[in-house]
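Working notes, structure below.
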Amino acid sequence: RAAITLGVAHPPGYPLYALLGHVWLRLLPWGDAVYRLNLLSAACGALAAALLAAACRRHGRAAAGAAGLSFAFCAPLWKFSLLSEMYSLQAAFAAALLLVSEGGRGTFSRRAAVGGLLFGLGCVNHQSFVLTAPAWLWLWRGQARRHGLPFSRSLRAALPFSLAGLLLYAVVPILLGDARLGWAVLLRAEYGTFTLSS
């Protein structure tokens, strides 16, 4: 519903999915809105599988194809690619981050910047993406070693772009018209996030 009305979903608001879904609905004007959002999830699931295959390309075409097809037909991705939810988009962010982290085109600093942006946007899509940070940092540390560069250089390149991606959270209080309510939505206050975490 948030994508249809360009509103705010239940906490933490899912502003990236709402914005992307709203744009998708404008670009694809045929059929029921829920059906079109399901198509968005299917497209994101297919993108996730393709990105994973691309990330595995250095291990050979057969390995890349097997990884992409295995991921495309695994039960969780298949299930979430049929629902109008943000989960298949999250899989696409994870696969894209893996692809950028494992190598690819562009200089190391440019790839670190793209990785930082993907990380920030992934966290905006679903806050649990922050749990990928240790793996992402480990991959980047290995890339820095391979290139003979200090690890801090990749972090300096990635940090401003991660923060830029996280700025998309500002959409929540703007759409709600209330900074305090927006902050409560982002922090999942009604779910007792801080009570549960302690």
Side-chain angles (χ1 to χ4, degrees), residues 1-48 51 80-97 99-101 110-133 136-137 155-198:
R1 179 175 160 108
I4 296 169
T5 62
L6 194 56
V8 176
H10 61 83
Y14 305 105
L16 180 63
Y17 185 79
L19 290 170
L20 182 63
H22 193 74
V23 170
W24 178 268
L25 290 172
R26 299 281 183 216
L27 294 175
L28 192 69
W30 309 281
D32 177 74
V34 174
Y35 172 74
R36 290 182 282 162
L37 288 173
N38 287 349
L39 286 178
L40 171 63
S41 292
C44 289
L47 176 64
L51 290 169
F80 290 123
S81 294
L82 298 175
L83 303 172
S84 50
E85 292 276 348
M86 89 308 288
Y87 298 110
S88 59
L89 178 59
Q90 196 69 353
F93 274 114
L97 192 57
L99 175 62
V100 171
S101 298
R110 186 175 299 154
R111 287 188 301 110
V114 170
L117 182 62
L118 288 169
F119 181 76
L121 290 174
C123 288
V124 171
N125 187 55
H126 197 283
Q127 292 172 337
S128 66
F129 202 68
V130 74
L131 298 174
T132 67
W136 183 56
L137 292 170
L155 290 179
R156 280 195 309 269
L159 186 61
F161 289 91
S162 291
L163 295 174
L166 288 170
L167 280 175
L168 193 55
Y169 268 129
V171 169
V172 172
I174 291 169
L175 289 174
L176 290 172
D178 183 343
R180 184 176 294 168
L181 178 59
W183 187 247
V185 167
L186 293 177
L187 294 180
R188 298 173 175 245
E190 78 179 54
Y191 294 140
T193 298
F194 293 109
T195 306
L196 292 173
S197 63
S198 62

So which heavy atom on [X] is nearest to which on [Y], and how close?
{"X": "Phe119", "Y": "Val130", "value": "CZ-CA, 4.0 Å"}
{"X": "Ala158", "Y": "Trp136", "value": "CB-CH2, 3.8 Å"}
{"X": "Ala92", "Y": "Leu51", "value": "O-CD1, 3.6 Å"}
{"X": "Ser84", "Y": "Leu37", "value": "CB-CB, 3.6 Å"}
{"X": "Ala112", "Y": "Ala157", "value": "CB-CB, 3.9 Å"}
{"X": "Ala95", "Y": "Ala48", "value": "CB-O, 3.4 Å"}

Is any side-chain heavy atom of [X] less than 4.5 Å from a side-chain heavy atom of [Y]?
{"X": "Leu155", "Y": "Leu137", "answer": "yes"}
{"X": "Leu118", "Y": "Phe129", "answer": "no"}
{"X": "Leu168", "Y": "Leu19", "answer": "yes"}
{"X": "Phe93", "Y": "Cys44", "answer": "no"}
{"X": "Leu167", "Y": "Leu163", "answer": "no"}

Listing, residues 21-28 side-chain donor-acceptor contacts under 3.5 Å, not counting sequence neighbours, or none:
unit_1: His22; atom_1: ND1; unit_2: Ala3; atom_2: O; d: 2.9
unit_1: His22; atom_1: NE2; unit_2: Arg26; atom_2: NH2; d: 3.4
unit_1: Trp24; atom_1: NE1; unit_2: Arg36; atom_2: O; d: 2.8

| Of all residues at least two apart in sequence or in a different chain, which pass the side-chain contact (heavy atoms from CB on, under 4.5 Å) check with Leu20? | Leu40, Leu89
| message | Check whether Tyr169 reaches the backbone of Cys123 with its side chain - one donor and one acceptor, N or O, closer than 3.5 Å. | response |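 The answer is yes, because a donor-acceptor pair under 3.5 Å joins these two groups.
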| message | Using only atom types and a distance under 3.5 Å, with no angle test, would you say the side chain of Ser81 pairs donor to acceptor with the backbone of Ala42? | response |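 No.
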Check: residues 173-186 side-chain donor-acceptor pairs under 3.5 Å, at least two apart:
unit_1: Asp178; atom_1: OD1; unit_2: Arg180; atom_2: N; d: 3.0
unit_1: Asp178; atom_1: OD1; unit_2: Leu181; atom_2: N; d: 3.3

| field | Atom pair CG/CE of Asn125 and Met86 - distance to nearest 0.5 Å | value |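 So the gap between those two atoms works out to 6.5 Å.
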| said: Nearest 0.5 Å, please: how far is CG in Asn38 from CD in Glu85? | reply: 9.5 Å
| task | Please work out which of the three classes, parallel, tilted or perpendicular, describes the rings of Tyr87 and Phe80, given edges at 30° and 60°. | result | tilted
